[in-house]
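What follows is a short report on a single structure.
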Amino acid sequence: MINQKSIKDIKKLGIKIDHDMAFGGKSKGNKHLSRAVKIARFLAFKAKANIKIVESGAWLHDTALPTGDDYNYDKNKKIVMKLLSSINISKSDQILIAECVASHEGREDPKTLEAKIVHDADVIEKLGILGIIRHTWKLTNLNEINSEMITDDDVKKVLSHINWRNKRLQTRLAKKIGKYLNIKVSKNEAKNIISVTSKLAFNGVTTEKIARVLHRSLNNKNKEMLEEQLKLSYLNKFT
Ligand SMILES: [Fe+2]
Ligand SMILES: [Fe+2]
């Protein structure tokens with residue numbers, strides 16, 4: 001059984017790593033982690049999964065980022081198992097939580113219901129307008145795109161990653177939410193969002209602030225969708 005104090009310790013650890021260590025501290029203040037936890041808890045409740053395992057996994061899902069990337073199943077697992085050794089929970093719970101973290105980027109099939117949910121919560125945060133902003137931010141900070149000159153290939157790279165992740169959604173409810181959020185964005189609109197995001201990301205601006213800057217220049221449909229994503233108000237439509 002995971003008690004509230006352990007969840008609190010896990011949360012603290014997740015936030016510290018995400019804000020202070022990942023990307024050299026450049027993502028401090030971004031709300032992805034807390035939104036991913038809320039989405040994961042929502043999906044877990046609906047699917048009658050183990051909410052404490054899901055919540056713990058969601059808080060820790062990005063903890064391999066300070067090592068450069070968080071795509072590798074074994075590396076993710078090793079890192080989180082080490083982190084969890086300082087938390088007062090059983091070995092079997094450690095293993096269940098680590099399973100949620102290991103496969104969250106979708107390169108390996110998540111093996112448990114709880115791992116599927118953490119994976120899906122992270123995907124939901126990578127869809128639609130927010131997804132374009134978040135993935136562009138990540139690629140810019142990994143030096144995988146040049147913010148000075150966004151090419152058509154960059155646009156393709158971002159959009160195809162988002163579509164690939166959408167197709168990898170595992171649970172029924174998440175697939176429904178994915179369908180709702182992954183609105184069609186034209187190539188030109190996407191290029192504009194990616195160009196603005198990449199420049200700001202290169203200058204150390206967080207995704208939350210970028211979303212607020214971009215918000216003004218979006219068309220009404222995209223504006224509304226981005227607002228819903230930042231506030232998670234779309235979840236009300238799936239209760
Ligand atoms: Fe991640
Ligand atoms: Fe994430």
Side-chain angles (χ1 to χ4, degrees), residues 10-11 13-44 53-84 97-111 114-144 157-158 161-162 164-171 174 177-178 181-182 197 201 206-208 210-211 229-230 232 235:
I10 285 170
K11 175 181 174 180
L13 204 55
I15 292 176
K16 185 181 158 48
I17 294 170
D18 192 54
H19 283 181
D20 299 340
M21 292 157 78
F23 300 104
K26 285 187 189 158
S27 58
K28 196 178 186 90
N30 101 75
K31 297 200 168 75
H32 161 61
L33 204 53
S34 59
R35 275 194 306 261
V37 169
K38 281 182 191 152
I39 299 165
R41 280 181 55 93
F42 177 80
L43 296 175
I53 296 293
V54 166
E55 176 164 358
S56 304
W59 280 121
L60 299 177
H61 79 276
D62 277 335
T63 45
L65 280 176
T67 67
D69 69 77
D70 61 345
Y71 297 125
N72 185 279
Y73 179 91
D74 292 321
K75 185 174 93 170
N76 289 351
K77 200 168 199 171
K78 214 168 138 189
I79 288 170
V80 82
M81 282 302 282
K82 200 170 167 210
L83 289 170
L84 286 169
I97 295 167
E99 197 56 54
C100 297
V101 176
S103 55
H104 82 275
E105 286 283 341
R107 306 274 172 114
E108 298 262 345
D109 287 335
K111 295 182 179 71
E114 286 72 20
K116 286 177 185 172
I117 287 173
V118 172
H119 166 269
D120 285 0
D122 195 45
V123 173
I124 286 171
E125 273 276 295
K126 268 275 171 84
L127 301 179
I129 309 296
L130 183 62
I132 298 175
I133 296 171
R134 295 198 54 250
H135 198 54
T136 302
W137 192 96
K138 189 175 187 180
L139 293 181
T140 304
N141 279 290
L142 292 176
N143 289 321
E144 287 184 33
K157 204 178 190 175
V158 173
H161 177 78
I162 289 171
W164 174 74
R165 293 214 71 184
N166 189 33
K167 282 194 196 119
R168 296 277 293 139
L169 280 167
Q170 306 283 315
T171 61
I177 298 174
L181 292 179
N182 213 23
T197 299
T206 63
T207 48
E208 303 302 315
I210 293 171
Q229 288 190 283
L230 294 173
L232 293 183
L235 290 180

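In listed order, ligands and their atoms are each counted from 1.
Residue contacts to the Fe ion (ligand 2): Asp122 brings an N, O or S atom closer than 2.8 Å. Residue His61 does not count as close to the Fe ion (ligand 1), with no N, O or S atom under 2.8 Å. The Fe ion (ligand 2) has no N, O or S atom of His104 under 2.8 Å away, backbone or side chain.
Using a 4.0 Å cut-off between charged side-chain N and carboxylate O, Arg35 and Glu208 make a salt bridge. With salt bridges taken as basic N to acidic carboxylate O contacts below 4.0 Å, one links Asp70 and Lys138.
In this structure, OD1 of Asp62 and OD2 of Asp70 enclose an angle of 90° at the Fe ion (ligand 1), rounded to 10°.
Closest approach between the Fe ion (ligand 2) and any N/O/S atom of His32 involves NE2. Residue Glu105 approaches the Fe ion (ligand 1) most closely through its N/O/S atom OE2.
Of the N and O atoms on the side chains of Tyr73 and Glu99, at least one donor lies less than 3.5 Å from an acceptor on the other residue. When only modelled atom types and interatomic distance are considered, Asp62 and His104 share a side-chain donor-acceptor pair under 3.5 Å.
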Trace of the side-chain contact (heavy atoms from CB on, under 4.5 Å) decision for Arg165 with Asp122: CA-CA 9 Å; Arg165 293 214 71 184; Asp122 195 45; 3.2 Å; yes
